[in-house]
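Here is the structure we will look at.
Fair warning: this is a prediction, and the values are worked out from it, not measured in the lab.
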Amino acid sequence: MYHPSARSKTLLVLLPISALVLVLLSSVALLTNSPKATQLQHLHVHNHLQIAHSACEGTLYPDLCVSTISVLPDLASKTLPELIQATLNQTMYEVRLSSANCTGIEKRIKSYSKREEAAINDCLELFDDTLEELKVALADLVPKKLAVSRNYHDLQTFLSAAMTNQYTCLDGFARSKGNVRNIIKKGLHNITHHVSNSLVMLKKVPGVNKSKSEYFPQQGRLKNGFPSSLSRQDRKLLQASVNETEFDLIVAKDGTGNFTTINDAVAAAPNNSNTRFVIYIKAGSFFENVEVVKKKKMLMFVGDGIGKTVVKANRNVVDGFTTFRSATVAVVGEGFIAKGITFENSAGPSKHQAVALRSGSDLSAFYKCSFVAYQDTLYVHSLRQFYRECNIYGNCFPGLQFICS
């Protein structure tokens, strides 16, 4: 049974404890809010923000830059490459969020069009490419045998490609009437802004030669008319006649080779090869869409010459494909080489964008090739590419680091 006197005793016990707690809290508040402590705290915050603002000076999106790096502990001890690393780590986190967002949209929305579905799939592939390119950039930012400044051109290349991917993703929704583009664009803009800020900070890394920073020495220095990025063996392969060349696989429509389609030959080629793998495509017209994916590295297509070996298809945006996906031949595997081939998209002017060849293959080369279409014939999407003695018919869509001779 409850007794009134019990409550009185409880209150008598609690009141002194409460009073003690109030006194202690007041003491802590007085210590914390003392002029000296407040001054030190304000000075620390001021210095912290000053360092962040200094690192972000010159960026196009300084508020985003400052908010990203100002949360780092021990900011004063961080080098500029470490600040770029932190920015890229945050960027990768946001790429994964955008990818998950697109996957969620794909599962939730049942009424989107064929074009929107194609655009979402493009975005998912481009997000994967972006993550790989940012990983390469992060590895180049870790000082090893070479200083970060020596890796500048590689870093600039891969960061620029990562930025391009986001715009390509959004471009896929250009003709869409749905709302998917509006849902995802904020996240993609944040990604591009982070990468843009990283590129600006990169130029401020000590040792970077700003006067030559816009040149790409791997492609700019030529040996016997070919970039130095190509090995001596590759340069010999490009200059040798078909009869003088040894092939790993042969494609022939008449059945005299290993395969009758180019796609079957590409599928049979080794994955992630470090050595050149040569596929000879005999004269004839091959009606197929060919894709050389990232894991198919160091492939070379050798044809019998322009107009003799022809790869042809007709994907286009009017029929529901994105510009990115309309390519007759798309190559992203590193180090791709093609020689003596015509790449054609036979969709006419009424079909608008219809790409003959899209390349996102780093350090790729095309020699004595022809690209035939009506609109956006050659889609030089990203990374470093070299073209020599090539013919381009129609409207060319130039991308980054496009070299033609």
Side-chain angles (χ1 to χ4, degrees), residues 88 92 95-96 99 121-122 124-142 144-146 151 153-155 157-162 164-165 168 216 218-219 226-238 245-251 257-259 261-281 288-302 311 324-325 327 329-339 341 357-367 380-386 400-401:
L88 294 184
M92 291 180 72
V95 171
R96 293 188 183 100
S99 182
N121 289 331
D122 286 353
L124 292 172
E125 179 180 326
L126 290 161
F127 290 144
D128 286 342
D129 292 344
T130 299
L131 289 172
E132 285 193 35
E133 286 151 2
L134 293 179
K135 283 177 185 175
V136 173
L138 281 168
D140 280 343
L141 283 164
V142 178
K144 295 177 183 176
K145 292 182 180 179
L146 297 175
N151 297 332
H153 296 291
D154 287 339
L155 283 160
T157 295
F158 287 101
L159 291 180
S160 298
T164 299
N165 292 340
T168 305
F216 293 84
Q218 299 93 332
Q219 295 286 59
F226 295 99
S228 56
S229 59
L230 291 173
S231 68
R232 183 179 178 184
Q233 180 187 4
D234 286 340
R235 292 195 293 272
K236 283 185 175 180
L237 279 170
L238 284 167
T245 306
E246 292 185 11
F247 306 111
D248 295 292
L249 289 176
I250 297 174
V251 181
N258 304 100
F259 300 99
T261 69
I262 300 168
N263 276 309
D264 286 343
V266 170
N271 295 333
N272 300 309
S273 176
N274 292 320
T275 57
R276 182 62 59 195
F277 191 87
V278 184
I279 299 174
Y280 172 38
I281 307 169
E288 52 183 313
N289 288 94
V290 179
E291 186 172 7
V292 179
V293 296
K294 272 196 178 292
K295 64 183 179 181
K296 299 295 181 180
K297 298 179 180 180
M298 299 294 286
L299 285 191
M300 181 177 187
F301 288 178
V302 177
V311 191
F324 184 78
R325 197 63 63 186
V329 176
V331 294
V332 290
E334 183 182 339
F336 178 82
I337 298 177
K339 169 189 164 186
I341 298 175
L357 179 115
R358 166 172 58 85
S359 179
S361 168
D362 193 31
L363 301 176
S364 56
F366 297 82
Y367 180 50
V380 186
H381 182 258
S382 59
L383 302 172
R384 294 163 288 196
Q385 304 174 30
F386 179 85
L400 298 174
Q401 305 162 37

Considering only heavy atoms from C-beta outward, does the side chain of Phe366 approach that of Leu357 to under 4.5 Å?
-> yes
Side chains of Leu230 and Ile337 in contact at under 4.5 Å (non-hydrogen atoms) | yes
What is the minimum heavy-atom distance between Gly333 and Ser361, and which atoms define it?
-> O-OG, 2.6 Å
Report yes if some heavy atom in the side chain of Glu125 is under 4.5 Å from a heavy atom in the side chain of Asp129; otherwise report no.
-> yes
Please tell me if the side chains of Leu159 and Glu133 come closer than 4.5 Å, counting only heavy atoms from C-beta onward.
-> no
pair Val266-Glu291: side-chain heavy atoms closer than 4.5 Å | no
With sequence neighbours left out, write down each residue that passes ring pair (Phe, Tyr, Trp, His ring centres under 6.0 Å) with Phe277, or none if nothing qualifies.
-> none
With rounding to the nearest 0.5 Å, note down the distance linking OG in Ser359 to CG in Leu383.
-> 8.0 Å
In short, Val95 meets Leu134 closest at the heavy-atom pair CG2-CD1, 4.4 Å
Between Val332 and Lys294, what is the shortest heavy-atom contact and its length?
-> CG2-N, 3.5 Å
Quick one: side chain to side chain donor-acceptor pair (under 3.5 Å) partners of Asp248, sequence neighbours excluded?
-> none
Salt bridge present between Asp154 and Arg384 (N-O < 4.0 angstrom) = yes
What residues, two or more places apart in sequence or in another chain, satisfy side chain to side chain donor-acceptor pair (under 3.5 Å) together with Asn271?
-> Lys296
Hey, what's the ring geometry for Tyr367 with Phe226, parallel, tilted or perpendicular (30° and 60° as the breaks)?
-> perpendicular
